[in-house]
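Notes to accompany the following structure.
On a predicted model such as this, the values are computed, not experimentally measured, just so you know. So that the names make sense, note that chain A is the first sequence line, chain B the second, and so on, each numbered from 1.
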Amino acid sequence: MYNVRWLLSLLVALLAACSAPGTAIAPSHAPVMESAGFNMRPITTVATALLEPLELSRLVVSPISVVRSDAGEQRTRQVLITADGGEVLRVESALDGSLRLIAKSDVTLEGGGLSESGAIARALRQLMRLGLEIPVGPPTVRTAAGRILVVWTRRVRGVPVPNDGTRVVLSGAGALVGLSIEESPLAAPPMHIAQGEGALRSAIALLPSGTAVDEPPVLAWVLPTNTAGEPTAERAPRRLAWCVNGVLFDGTAIEVQLDAGSLALLGWDGAP
Amino acid sequence: MVGAILLAATIALTPPSESAAVFANRTAFAEECTGTANTQPDRLARQARSAFAALGWEVGGAVGPTFTRHSLLASATVTALYVHSHGDLYWDSKADSRVGGFRADAGLCLGAPILLPSEIAAMRRGAPAASLIYISTCHNGERASRLSVAFGIAQRKVQGANEPDSFYVSYVGIAWQGAALRFERAFWRGLLDGATAGAAFDRALLVAYDPKHLTPEWWGGYNHAPHAPAAGIPDFGTQRYV
């Protein structure tokens, strides 16, 4: 049923994109700018697709900068600002020119009672307008602080890569707040993958006695951490892991991540 | 005479209006309590402390066992506050309802003292609304939690005319530390980049955190710039595009 809804959303978005006004940028033909050796989509192209012509006339482009994303990826950043320096639009690209982030500022907070399928259709429409790849599979839809998050988690060999993938953030009325595309490097999977039962036994041995573990382990590509739970490096390749969730005696939720081959501890997370 | 002494004592104990405080519960997440070494409370507190300082605030507070009920209440009148701890919709017998709140560290794995909104409100009586309150705990972003109101911040989002000079952030439901770390880092980065609190929050929604593990919420003024008043608009220099 959910897949049917998603396919319907895709169809609606395709129709909407086809009937979009002539000002919409045809994505695959979007010019790619080569400036100071950088290969990227010019912010003006993105702005033309997202902003009204009157808005555009009042904006200026800030100098391009090279930044490191929160996930440690090197990116080029372009920013459109108003005459008084207020940021209106930010575009970040990977050094190979792939678009990674679009963030609009001051998108109105109005609510609109957008349905889940409506939000997916709007998100797909935005991706198509910008010429971005349509992610495979159905997304998850969540709300936070009046915004709607439509998230396609990246999957490799059928296994999710948490925090990677395509995320479109919409206002309650369906206007684009921003979108991001994350793609972390992955390590080669182990030659032999341990059984889930073995992972469960190893996790229980690591956790304090009294920890309730009710769910079966699941595979995921995780960021390895050191013994104190800190990532060894933000761009360290993700490794295939068995993730085991439990609840400590005081009610704290906890997840331990074990190497899918050796069952050595790779990382963990908790919820206060 | 007695009145003058009491007034002097109150002035001496009250943090200046330019001050901020960062509190984090380390013990409840430490290896002796959970079986896994955990530096995340320290990292979360470090991020908040650096951001507050860069925004021009004088930063106090406590991380670890010195984060007690007493130390928190003594800092309750600060203008900017960050707390990372266990949070829940704790029962307030005076209000006869579940009202939110969080636990102190106090060096205890279990049963650390709870700070209730009514106690914070009592300490803040007469103080103006706080500028920035970040309660990095479970449940205190829910409407049932009265914490934002205790800091003088109504549970509404305002953008445009008549915005309050305040911003409150917390989480709805269960908040995982890994996701909180990513979200908060992006939020602070947004502020240091010159974004308003609402825009920094929107930008943080775009970073790589698992939305199943975190549902952030805010109240206050979207365009509020939570820097210390005397600092004016801080010059972030090279940080602006870093």
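- By number of non-hydrogen pairs under 4.5 angstrom with chain A, the leading residue of B/Glu31, B/Lys212, B/His139, B/His213 is B/Lys212.
- In terms of modelled atom types and a separation under 3.5 Å, the side chain of A/Asn163 and the main chain of B/Asp210 share a donor-acceptor contact.
- Annotation: residues 167-175 of chain B contacts chain A through B/Ile174, B/Ala175 [non-hydrogen atoms, separation under 4.5 Å].
- Within the 4.5 angstrom heavy-atom criterion, no atom of A/Ala71 approaches chain B.
- When every heavy atom of B/Ala208 is checked against every heavy atom of A/Glu182, the shortest pair comes out as CB-CG, 3.9 Å.
- The cationic atom of A/Arg147 (NZ for Lys, CZ for Arg) does not lie both less than 6.0 Å from the six-membered ring centre of B/Phe201 and within 45° of the ring axis.
- Contacts of A/Ser69 with chain B are made by backbone atoms alone, with heavy-atom separations under 4.5 Å and no side-chain atom involved.
- Looking at B/Leu110, only its side chain comes within 4.5 Å of chain A, counting heavy atoms on both sides.
- Between the side chain of A/Arg167 and the main chain of B/Val207, a donor-acceptor pair closer than 3.5 Å is present.
- Atom OG1 of A/Thr252 is separated from atom CD of B/Gln177 by 8.5 Å, given to the nearest 0.5 angstrom.
- One N or O on the side chain of A/Ser180 and one on the backbone of B/Leu206 form a donor-acceptor pair closer than 3.5 Å.
- Residue contact with chain A, scored on non-hydrogen atoms closer than 4.5 Å, is absent for B/Ala180.
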request  = Walk me through it: do A/Asp70 and B/Arg182 pass the test salt bridge (Lys or Arg N to Asp or Glu O under 4.0 Å)?
outcome  = CA-CA 8 Å; A/Asp70 287 303; B/Arg182 289 191 172 89; over 6 Å; no
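- For chain A, the nearby part of B/His84 is the side chain; its heavy atoms alone come within less than 4.5 Å.
- Looking at A/Leu149, the atoms closer than 4.5 Å to chain B (heavy atoms on both sides) all sit in the side chain, from C-beta outward.
- Heavy-atom minimum distance, B/Lys157 versus A/Ala145: CE-O, 3.5 Å.
- Atom CG of B/Asn162 sits in a sparse spot, with 12 or fewer heavy atoms from other residues, nucleotides or ligands closer than 6.0 Å.
- Heavy atoms closer than 4.5 Å to chain A are found in both the backbone and the side chain of B/Tyr209.
- In this structure, B/Pro216 and A/Ala144 approach most closely via the heavy-atom pair O-CB, 3.7 Å.
- Only the side chain of B/Asn223 comes within contact range of chain A, with at least one heavy atom under 4.5 Å from a heavy atom of that chain.
- Most heavy-atom pairs under 4.5 Å with chain B, from the set A/Val107, A/Leu101, A/Val151: that is A/Val107.
- Closest of all the heavy-atom pairs between B/Trp176 and A/Asp269 is CZ3-O, 3.5 Å.
- Contacts classified as side chain to side chain donor-acceptor pair (under 3.5 Å) and involving residues 104-114 of chain A (residues at least two apart or in different chains) are given here: A/Asp106-B/Gln159, A/Thr108-A/Glu110.
- For B/Thr196, no part lies near chain A; criterion is any non-hydrogen pair under 4.5 Å.
- Interatomic distance, CZ of A/Arg90 versus CZ of B/Arg203, reported as 3.5 Å (0.5 Å rounding).
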